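Order of the sequence lines sets the chain letters (A, B, ...), proteins ahead of strands, with each chain counted from 1. Please read all numbers here as calculations on a predicted model, not as lab measurements.
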2 protein chains.
Amino acid sequence: MLAEDDRRQAEALRRYLTAEGHEATVVHDGEEALRAARQQTFDLLLLDVMLPGLDGMQVCRILRQESDVLMLMLTARSSEDDLLRGLDVGADDYMTKPFSPRELVARVRTLLRRVPATARHPPVLRVGRLTVDEPRHTVTAGGVPVDCTAGEFAILAAMIRQPGRVFTRGQLLEHTRGIDRESTGRTIDVHVMNLRRKIEANPRRPRQLLTVYGVGYKLTAGTP
Amino acid sequence: MLAEDDRRQAEALRRYLTAEGHEATVVHDGEEALRAARQQTFDLLLLDVMLPGLDGMQVCRILRQESDVLMLMLTARSSEDDLLRGLDVGADDYMTKPFSPRELVARVRTLLRRVPATARHPPVLRVGRLTVDEPRHTVTAGGVPVDCTAGEFAILAAMIRQPGRVFTRGQLLEHTRGIDRESTGRTIDVHVMNLRRKIEANPRRPRQLLTVYGVGYKLTAGTP
DNA sequence: CCCGGACCTGACAGGATCCTGACGATCGCG
DNA sequence: CGCGATCGTCAGGATCCTGTCAGGTCCGGG
């Protein structure tokens, strides 16, 4: 995925990448980048630091908390602080404009070499009797298809990507709506309750979508 | 492993790396680098391009055919071709001198993060027969899962990150509730007592969660 | 324009957890 | 060995957290 607001530059880079055999989805602002990265699975994200709305740094920081996807930052600035900040928020590499497309492609190749291609595109995620198919936007529980709303699906998809990990309400909120949002309401609880009604055999006794008192929720296999 | 022929620079870098919590073995020429890298397993190799005998490029190319170890090249030259050559022979990253030690350390950290966490920096921390898994928010003692409340978990997590260090009650308090709080009550003592009941074989005779009279508490391995 | 679904919000109740204060046990020190 | 300071332990009540429900808002489709 390439996030770059300058449409001409974006198009130029996309061509270089395509010529090298990569497939590139282009987005033009930070929120769009965040949404796309959460919805689909990319091999690598190219993030311009200067993006309208949410800048590349913020996108990187947020996504790094949620996944290990490879991220390469692009910036016009070249101060060392900027660079360090980029690496600190979790970028895997960093390039300063102007750079040669050849170098960009070389770095992309280097980054991708580390991750076996097969490991990059898990088709359907599964935990216990629960499956989530992100591209198709479908969910099954015990083989039975389940209808989920957008918000519910976003929560499930986020959690099933890191089974067992505890998510705070704030983190889960970021997945349903955009960032910000300081909601102190019962929003997430309500979604979780509705999810339990749909995926748990006995919603009063959850086996997979568990509460971690004082922290948040986590998704587990259910039957060790 | 750091391969650098200039002894002064090598020593300076080694100190920076050590200060950051890394352990560094230093070698001074290419052949030595090759030998060391084949003999032991390193998390990452820092290779100066200018090495007597075998230069860094060659070392990198040779080792890359034998393993996937992370390699970061250091060079005085800054031509793009040189850089591309470095990435092409299989380096994972590339830095041009002069660079700031801070940047080096940041890049090292970034590279290390890419390696499957389970290999090097396991998400579960262990001290003696005790393990703490922060993302999953779980604790085991002697292999048996232990239920901890949020407060108890916060205390354990803080202590296991620096085994053996003594924590005052005030410091531990900061980990349970937010900051401030000047509680002078028995709060922490109660939590510690409850923890001992859960993780110690004999809570009256703590072996891991010890009291340091007049100071606070510390967590140790128990029986080495 | 009306309608329905999805989402958010606020309120409430039932628990789980935490804090507090008191008391006795233990420790360090002279 | 005696003393003050510190620590372990207990239980009750204050506090915080979550499940649940009933509106209210927003949005797109008919």
Side-chain angles (χ1 to χ4, degrees), chain A residues 35 137 139 146-159 166-200 202-219, chain B residues 137 139 146-159 166-219:
Chain A
R35 213 178 313 122
H137 215 268
V139 174
V146 174
D147 268 343
C148 280
T149 70
E152 290 161 8
F153 186 84
I155 290 178
L156 255 192
M159 296 185 80
V166 179
F167 293 82
T168 67
R169 287 176 175 69
Q171 289 165 343
L172 293 175
L173 250 189
E174 287 183 0
H175 286 272
T176 61
R177 288 282 171 212
I179 54 281
D180 52 292
R181 290 277 176 176
E182 200 47 47
S183 166
T184 162
R186 302 259 66 78
T187 306
I188 292 300
D189 304 60
V190 174
H191 280 153
V192 167
M193 183 183 63
N194 291 332
L195 270 172
R196 281 176 176 158
R197 283 180 177 154
K198 294 175 181 178
I199 67 174
E200 294 278 5
N202 181 356
R204 300 303 188 92
R205 289 282 181 125
R207 319 222 25 148
Q208 294 211 66
L209 188 40
L210 307 180
T211 302
V212 181
Y213 196 95
V215 186
Y217 298 97
K218 70 176 169 181
L219 189 67
Chain B
H137 218 268
V139 174
V146 174
D147 267 344
C148 281
T149 70
E152 291 161 8
F153 186 86
I155 290 177
L156 253 192
M159 297 185 78
V166 181
F167 293 82
T168 67
R169 288 176 174 70
Q171 289 165 342
L172 292 176
L173 251 187
E174 288 181 5
H175 287 274
T176 61
R177 289 263 161 244
I179 41 265
D180 54 292
R181 289 273 179 179
E182 201 46 49
S183 166
T184 161
R186 301 257 67 77
T187 306
I188 293 300
D189 305 59
V190 173
H191 280 149
V192 167
M193 179 185 65
N194 290 331
L195 271 172
R196 282 175 176 158
R197 281 180 179 157
K198 294 176 181 179
I199 66 174
E200 295 278 6
N202 182 355
R204 301 304 188 90
R205 287 286 185 113
R207 318 217 34 141
Q208 294 211 66
L209 188 39
L210 307 180
T211 303
V212 179
Y213 193 92
V215 187
Y217 298 97
K218 71 176 172 180
L219 189 67

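- Within the 4.0 Å cut-off from OP1 or OP2 of dT9(C), at least one side-chain nitrogen or oxygen of T187(A) is found.
- Residues satisfying the side-chain contact (heavy atoms from CB on, under 4.5 Å) test with A157(B), not counting sequence neighbours, are V132(B), E134(B), F153(B), R161(B).
- An OP1 or OP2 oxygen of dA6(C) is reached within less than 4.0 angstrom by no side-chain nitrogen or oxygen of H191(A).
- When each of P203(A) and V190(B) is assigned the nucleotide of DNA chain D bearing its nearest heavy atom, the one mapping closer to the 5' terminus is V190(B).
- For the OP1/OP2 pair of dC7(C) and a distance below 4.0 Å, the side-chain nitrogens and oxygens of T176(A) include no atom meeting the criterion.
- From one end of the helix from dC1(C)-dG30(D) to dG30(C)-dC1(D) to the other, with five pairs defining each end axis, the axis direction shifts by 40° (rounded to 10°).
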Under 4.0 Å protein heavy-atom contacts per nucleotide of nucleotides 23-30 of chain D, with B for base, S for backbone only and - for none: --------
Which atoms of nucleotides 23-30 of chain C (N or O only) lie under 3.5 Å from a protein N or O atom, and what are those distances?
from: dC27(C); atom 1: O2; to: Y213(B); atom 2: OH; distance (Å): 3.1

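- Nucleic acid contact for V192(B): none, since no nucleic acid atom lies under 4.0 Å from a heavy atom of the residue.
- Under the side-chain contact (heavy atoms from CB on, under 4.5 Å) criterion, V212(A) pairs with V166(A), V215(A), K218(A), H137(B), sequence neighbours left out.
- Heavy-atom distances under 4.0 Å link DNA chain C to T149(A), A150(A), G151(A) of residues 147-159 of chain A, given in residue order.
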Donor-acceptor pairs under 3.5 Å, side chain of residues 188-199 of chain A to any protein atom, not counting sequence neighbours: which ones?
from: D189(A); atom 1: OD1; to: R169(A); atom 2: NE; distance (Å): 3.1
from: D189(A); atom 1: OD2; to: R169(A); atom 2: NH2; distance (Å): 3.1
from: D189(A); atom 1: OD2; to: Y217(A); atom 2: OH; distance (Å): 3.2
from: N194(A); atom 1: ND2; to: V190(A); atom 2: O; distance (Å): 3.3
from: R196(A); atom 1: NE; to: L209(A); atom 2: O; distance (Å): 2.9
from: R196(A); atom 1: NH2; to: L209(A); atom 2: O; distance (Å): 2.9
from: R196(A); atom 1: NH2; to: T211(A); atom 2: OG1; distance (Å): 2.8
from: K198(A); atom 1: NZ; to: D147(A); atom 2: O; distance (Å): 3.2
from: K198(A); atom 1: NZ; to: E152(A); atom 2: OE1; distance (Å): 2.7
from: K198(A); atom 1: NZ; to: E152(A); atom 2: OE2; distance (Å): 3.4

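- Rounded to whole angstrom, the span from the CZ atom of R197(A) across to the P atom of dG19(D) amounts to 12 Å.
- Side-chain N/O atoms of R169(B) include none lying less than 4.0 angstrom from OP1 or OP2 on dT6(D).
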